[in-house]
There are 2 protein chains.
Amino acid sequence: MEARVTQAIPTPPWQTPPKPPPRQPLSQELIVTTALRVLDAEGLDALSMRRVAQELQTGPASLYAHVANKDELLDLVYDRVLAEVDIPEPDPARWAEQVKEMLRSLRQVFRSHRDLARVSLSRIPLGTNGVAGMERTMALLRAGGLPDDIAAYAGDLVTSFVTTETLDDAFPGDGVDTSAVQAYVAQIHDYLTSLPPDRFPNLTQMAGPITSLDSERRFELGMEIIVRGLSTYAEPA
Amino acid sequence: MEARVTQAIPTPPWQTPPKPPPRQPLSQELIVTTALRVLDAEGLDALSMRRVAQELQTGPASLYAHVANKDELLDLVYDRVLAEVDIPEPDPARWAEQVKEMLRSLRQVFRSHRDLARVSLSRIPLGTNGVAGMERTMALLRAGGLPDDIAAYAGDLVTSFVTTETLDDAFPGDGVDTSAVQAYVAQIHDYLTSLPPDRFPNLTQMAGPITSLDSERRFELGMEIIVRGLSTYAEPA
DNA sequence: ACCTGAACACCGTTCAAGT
DNA sequence: ACCTGAACACCGTTCAAGT
């Protein structure tokens, strides 16, 4: 008598549950990988717990079984990426150049993961890759004859340098509107030259130099300034 | 016959509207002042458009008549505070010390407004006070004999330095849990010394230096490194 | 011109309940 | 132990409507 059975083709509910479990079982690994994928593709503003959960076809609450909170997730993402940084085996004769090689590598890693510099801000990388990198960094800095206290601080200083110098950089190859950036810089240039020269003698004169440095040359110059400053602290071997 | 008039004491609705207009008329000035007050008292995480509106006894939508969006509001707050920075009149004989005085002043301003370093991140201060400070900074850097392109970059470099060095600093005098910070640092120290010395020879040896620098000495050391590096670019007058 | 209420499309995190 | 739906207490911004 009941008309319940008439619905037809779909598997009846008492035989198999309608929605299958997520493709892969949830794990911290998988969550970090997914978060990094979202970060690379859409940046930090798009990286929410809800977004990661959606990517994994669950609700946001499910993530909290594997990750304490968003902050810890970002710590893990950061540490994951630090594995990609190349830190040279110390060769004292090439100290200054090797420090620069290390910083260029760090910059490249920061630039190849969108908004990673923002993620790194205020974060002390104490994960597996973080401490490994710190060990190699200290080895390198000491090889140049830096006293321990200077080397210890120098590690922070150069990391912060790369971070800030990378913070507003364009993203990988793709969709960056370089012409918009150029237009903004041109606007600043015009603004500076339009200032009254009697009250702003320096800015009006320096509008060129202030707006002409590209991020590559800024980075190289900044490294050189810091390395020169650091080398004044080197003790003879 | 109708019982409408029985309600008594409160002024009847057709005579004066029940809620008086806000104490002061809304203005950009007032909004910026209020935002800065919230920032000082409760930090950036508490600074929302809704919070500022509430403080002014309106709804968040009302703010948008005076401020384009939150980002512009933060620009204005940042510029407001830059008025407090002291930049010395150049005296070439005291160049290095004067650069340090400027940076100490900037640091002090950043430290006296909670989370201001975070606000300043990725922001180019082009407001009235921002360009005035930039003008004086360029005057000072050039007085040391720095070429224009070096001086132009140096301005950014030292500002970024103060920002990152100030980012995680304790707040004014009040409610900072310095003992919690100390405990965290002690924890890092113990962790570093607990690492296997064969794989982490540098970190285990340097646990002391790595964890012993307080923010005052870090700042002074960082300034000295950068100023030494910059002075290698100075040209004779 | 300025202000408003209500709504839109989001957040991170918690918690009781399910398996 | 792991996962879930629903809820809590928030966000920035827009928009039609009011004055």
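These values consider heavy atoms only, across backbone and side chains, with no hydrogens, waters or symmetry-generated copies. Reminder, nothing fancy here: chain letters follow the sequence lines and each chain counts from 1.
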Could you state the [atom1]-[atom2] distance from [X] to [N], rounded to the nearest angstrom?
| X | N | atom1 | atom2 | value |
| --- | --- | --- | --- | --- |
| B:Arg51 | D:dA9 | CZ | P | 17 Å |
| B:Asp45 | C:dG12 | CG | P | 13 Å |
| A:Ile31 | C:dT13 | CD1 | P | 13 Å |
| A:Gln57 | D:dG5 | CD | P | 12 Å |
| A:Gln54 | C:dA9 | CD | P | 15 Å |
| A:Leu44 | C:dC11 | CG | P | 12 Å |
| B:Glu72 | D:dG12 | CD | P | 15 Å |
| B:Leu30 | C:dC3 | CG | P | 10 Å |

Paired and unpaired positions of DNA chain D as dot-bracket, Watson-Crick or G-U wobble under 3.5 Å, | denoting a partner strand
||.|||||...|||||.||

Begin from the C-alpha positions of A:Phe161 and A:Phe219 and carry the test ring pair (Phe, Tyr, Trp, His ring centres under 6.0 Å) through to its verdict.
CA-CA 9 Å; A:Phe161 165 70; A:Phe219 187 72; 5.4 Å; yes

Taking the basic N atoms (NZ, or NE/NH1/NH2) and the acidic carboxylate oxygens, is any pair closer than 4.0 Å for [X] and [Y]?
| X | Y | value |
| --- | --- | --- |
| B:Arg104 | B:Asp86 | no |
| B:Glu42 | B:Arg114 | no |
| B:Arg107 | B:Glu165 | no |

Minimum-distance nucleotide to A:Arg50 side chain [options: C:dA7, C:dC3, C:dC11]
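Looking only at side-chain atoms, A:Arg50 lies closest to C:dC11.
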
Among C:dT14, C:dC3, C:dA6, which nucleotide has an atom closest to any side-chain atom of B:Leu26?
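Minimum distance to the B:Leu26 side chain belongs to C:dC3.
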
Taking atom C1' in both D:dC8 and C:dC11, what distance in whole Å separates the two?
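Per the computed distance, 12 Å lies between those C1' atoms.
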
Separation between the C1' atoms of C:dA17 and D:dC2, rounded to whole Å:
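Looking at atom C1' only, C:dA17 and D:dC2 are 13 Å apart.
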
Quiz question: by atom type and distance under 3.5 Å, do the side chains of [X] and [Y] form a donor-acceptor pair?
| X | Y | result |
| --- | --- | --- |
| A:Arg118 | A:Thr163 | no |
| A:Arg217 | A:Ser212 | no |
| A:His66 | A:Glu29 | no |

Among residues 62-71 of chain A, which contact DNA chain C at a heavy-atom distance under 4.0 Å?
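Listed by number, they are A:Tyr64, A:Asn69, A:Lys70.
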
Between atom CG of B:Asn69 and atom CG of B:Leu63, what is the distance when rounded to the nearest 0.5 Å?
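If I round to the nearest 0.5 Å, the distance is 11.5 Å.
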
Using heavy atoms to find the nearest nucleotide of DNA chain D for B:Ala46 and A:Pro60 separately, return the residue whose nucleotide is more 5′.
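Final value for this comparison: A:Pro60.
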
How about B:Gln108: does its CD atom have over 12 heavy atoms from other parts shown lying under 6.0 Å from it?
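Counting neighbours around CD of B:Gln108, 12 or fewer heavy atoms of other residues, nucleotides or ligands fall under 6.0 Å, so no.
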
